[in-house]
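Everything numeric here is computed off the predicted structure, so don't read it as measured data.
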Amino acid sequence: MAPSRYRGAFSNGFQFCVGIGALSANIINYGTEKIKGGWGWRVSLALAAVPASILTVGALFLPETPNSLIQRGDSNEKAKSMLRRIRGTNDVEAEFEDLVKASAVSKTIDRPFRKITERRYRPQLVMAIAIPFFQQVTGINVIAFYAPILFRTIGLGESASLMSGVVTGIIGTGSTLISMLIVDKLGRRTLFIWGGVQMFVSQIMVGGIMGAKLGDHGGVSGGCAYLVIFLISVYVAGFGWSWGPLGWLVPSEIFPLEIRSAGQSITVAVSFFFTFIVAQTFLTMLCHFKSGIFFFFGAWVAIMSVFVYLLLPETKNVPIEQMDRVWREHWFWKGIVEDQYEACKKDDGGITTSSA
């Protein structure tokens with residue numbers, strides 16, 4: 001629904017609100033830890049019903065998007081009226097025609113999951129798998145799930161560890177807000193690459209400090225402990241304005257309508273699958289790798305930064321219905337998709353839509 005010039009900011013709002021939720025959870029955990037009798041965790045867990053209830057009730061008032069109305073065969077006038085409403089102008093004819101044409105193409109696709117495996121959609125399929133995978137192996141879920149354990153490992157008490165989680169939550173949320181403000185000006189690639197550099201440097205430094213000062217057991221001095229917290233905060237900030245929000249933004253804007261449902265499904269499935277894998281293996285990895293776990297995730301950050309630099313084209317300010325051209329102009333992907341694009345034009349008798 002977002003106009004192309006503001007799409008990055010609106011989409012990054014998703015991660016911003018996730019950050020607010022995580023920060024709220026950290027604050028609740030910090031407060032309930034102080035409840036005597038050992039039952040504070042029950043309060044913490046039960047309070048999760050509050051946002052779940054808001055989400056459920058809010059869904060009852062959520063309007064349909066113009067795309068959805070067109071896809072479902074509702075009256076075009078109803079879809080156009082919704083488009084005028086969300087754009088704030090009556091001048092929506094060109095965009096509406098693009099949506100109708102894209103919808104017509106998508107309705108000819110019976111099996112989107114088979115369609116997305118075709119050669120002309122190879123870039124989108126690669127990104128649908130690679131971006132959510134890379135987002136999880138940045139190591140952010142290590143911080144999100146186990147920050148208190150990590151901070152206790154370096155010698156902080158339980159209450160201080162939980163408070164450190166609150167501090168990193170504030171930093172992460174603040175950096176995502178910054179990303180919302182600058183993503184449509186600087187572009188996706190710039191934030192991906194510089195955020196990756198920031199995460200890589202901070203992870204290598206944390207690994208080095210913990211390896212030198214912590215050893216296989218015991219704690220670190222107060223000064224080193226606070227330096228580790230600072231570096232982890234730098235890492236969280238780097239994630240907050242790069243891979244955190246952009247890991248959801250870029251997959252949401254690269255799929256043409258005919259494969260959008262399949263592409264988004266693959267993106268979410270890959271993300272949750274590797275979230276599960278990282279969450280289940282982290283403690284074992286921490287026991288075996290010790291401080292080396294930061295070098296492990298740092299290596300992945302280096303790999304994903306190179307991947308973005310070489311293979312991800314810039315998508316800012318490009319309407320979703322015209323996103324196919326960024327692949328045809330890319331130095332690597334054009335050799336894969338151009339032949340298929342020309343073949344489709346011939347099959348359509350020389351007439352094709354911007355989504356085709």
Side-chain angles (χ1 to χ4, degrees), residues 8 11-12 14-15 18-19 122-144 168 171-172 174-176 178-209 230-254 267 270-271 273-275 277-278 282 285 289 291-316 318 326-327 329-334 336:
S11 298
N12 282 9
F14 168 81
Q15 182 67 23
V18 169
R122 192 65 45 79
Q124 291 94 330
L125 179 59
V126 169
M127 297 302 163
I129 296 171
I131 289 178
F133 166 73
F134 284 142
Q135 186 186 45
Q136 300 312 312
V137 295
T138 56
I140 190 59
N141 282 326
V142 172
I143 306 298
T168 55
I171 293 170
S175 61
T176 303
I178 293 173
S179 179
M180 290 175 62
L181 300 175
I182 65 177
V183 65
D184 290 312
K185 297 177 181 177
L186 298 183
R188 285 67 162 145
R189 280 170 51 87
T190 299
L191 294 184
F192 263 134
I193 293 169
W194 285 108
V197 171
Q198 183 174 333
M199 288 191 292
F200 174 77
V201 171
S202 57
Q203 282 181 311
I204 296 303
M205 291 182 68
V206 169
I209 292 170
F230 170 76
L231 290 171
I232 288 178
S233 298
V234 171
Y235 162 80
V236 170
F239 180 85
W241 57 51
S242 62
W243 279 93
L246 300 184
W248 294 107
L249 166 61
V250 173
S252 75
E253 62 187 5
I254 62 174
T267 297
V270 171
S271 178
F273 175 75
F274 283 103
T275 297
I277 295 298
V278 171
F282 169 70
M285 292 171 63
F289 288 4
S291 60
I293 195 166
F294 290 96
F295 296 108
F296 172 80
F297 287 117
W300 279 112
V301 171
I303 292 170
M304 65 186 72
S305 298
V306 173
F307 174 88
V308 167
Y309 180 77
L310 294 177
L311 297 177
L312 182 66
E314 183 55 66
T315 57
K316 73 170 182 177
V318 180
V326 304
W327 308 108
E329 294 170 358
H330 187 266
W331 72 272
F332 178 79
W333 295 117
K334 66 181 180 181
I336 295 175

> So, do Leu310 and Phe332 sit near enough that their side-chain heavy atoms are less than 4.5 Å apart?
Replying inline: no
> With distance as the sole test, does Tyr309 use its side chain to make a donor-acceptor pair with the main-chain N or O of Met304 at under 3.5 Å?
Replying inline: no
> For Ser179, what residues pass the side-chain hydrogen bond (donor to acceptor under 3.5 Å, both in side chains) criterion, not counting sequence neighbours?
Replying inline: Asn12
> How close do Gly8 and Asp184 get, heavy atom to heavy atom, and via which atoms?
Replying inline: N-OD1, 3.1 Å
>> Under the criterion side-chain contact (heavy atoms from CB on, under 4.5 Å), I'd like the reasoning laid out for Phe307 against Val126: C-alpha separation, chi angles, the key distance, then a yes or no.
In response: CA-CA 11 Å; Phe307 174 88; Val126 169; 4.2 Å; yes
>> Between Ser175 (side chain only) and Gly172 (backbone N and O only), is there a donor and an acceptor less than 3.5 Å apart?
In response: yes
> Minimum heavy-atom separation for Met180 to Val183, with atom names?
Replying inline: O-CG1, 4.0 Å
> Of the non-hydrogen atoms in Val250 and Ile254, which two are nearest, and what is the gap between them?
Replying inline: O-CG2, 3.2 Å
> Excluding sequence neighbours, so at least two apart, what forms ring-ring contact (aromatic ring centres under 6.0 Å, His included) with Phe14?
Replying inline: Trp248
> For Lys185 and Lys316, which heavy atoms make the closest approach, and how far apart are they?
Replying inline: O-NZ, 2.8 Å
> With under 30° as parallel and over 60° as perpendicular, where do the rings of Trp333 and His330 fit, or are they tilted in between?
Replying inline: tilted
> Between Val236 and Thr168, which heavy-atom pair has the shortest distance, and what is it?
Replying inline: CG1-O, 3.5 Å
> What pair of heavy atoms forms the shortest contact from Thr275 to Ser271, and how long is it?
Replying inline: OG1-O, 2.7 Å
>> When you compare the side chain of Met127 with that of Trp327, does any pair of heavy atoms fall below 4.5 Å?
In response: yes
> Between Glu314 and Arg188, is a side-chain contact (heavy atoms from CB on, under 4.5 Å) present by the stated rule, with each step listed?
Replying inline: CA-CA 6 Å; Glu314 183 55 66; Arg188 285 67 162 145; 3.4 Å; yes
Please tabulate, one pair per line, all N/O donor-acceptor pairs under 3.5 Å involving side-chain atoms of residues 238-247, not counting sequence neighbours.
residue: Ser242; atom: OG; partner: Gly238; partner atom: O; Å: 2.5

> Relative to the ring of Phe133, is the ring of Phe274 parallel (under 30°), tilted (30 to 60°) or perpendicular (over 60°)?
Replying inline: perpendicular
Quiz: residues 194-209 side-chain donor-acceptor pairs under 3.5 angstrom, not counting sequence neighbours:
residue: Gln198; atom: NE2; partner: Val234; partner atom: O; Å: 2.8
residue: Ser202; atom: OG; partner: Gln198; partner atom: O; Å: 3.0
residue: Ser202; atom: OG; partner: Met199; partner atom: O; Å: 3.0
residue: Gln203; atom: OE1; partner: Gly298; partner atom: N; Å: 3.4
residue: Gln203; atom: NE2; partner: Thr138; partner atom: O; Å: 3.0

>> For the residue pair Glu253 / Ser11, report whether a side-chain donor-acceptor contact shorter than 3.5 Å exists.
In response: no
> Residues in side-chain hydrogen bond (donor to acceptor under 3.5 Å, both in side chains) with Ser305, at least two apart?
Replying inline: none
>> Going by salt bridge (Lys or Arg N to Asp or Glu O under 4.0 Å), name the residues that satisfy it together with Arg189, two or more places apart in sequence or in a different chain.
In response: none
>> Could you go through Ile193 and Val308, starting from their C-alpha distance and side-chain angles, then the distance that decides it, and tell me whether this counts as side-chain contact (heavy atoms from CB on, under 4.5 Å)?
In response: CA-CA 7 Å; Ile193 293 169; Val308 167; 4.1 Å; yes
> Are the side chains of Val301 and Phe134 in touch, meaning some heavy atoms are under 4.5 Å apart?
Replying inline: no
> Counting distance only, does the side-chain N/O of Thr190 pair as donor-acceptor with the main-chain N or O of Leu186 below 3.5 Å?
Replying inline: yes
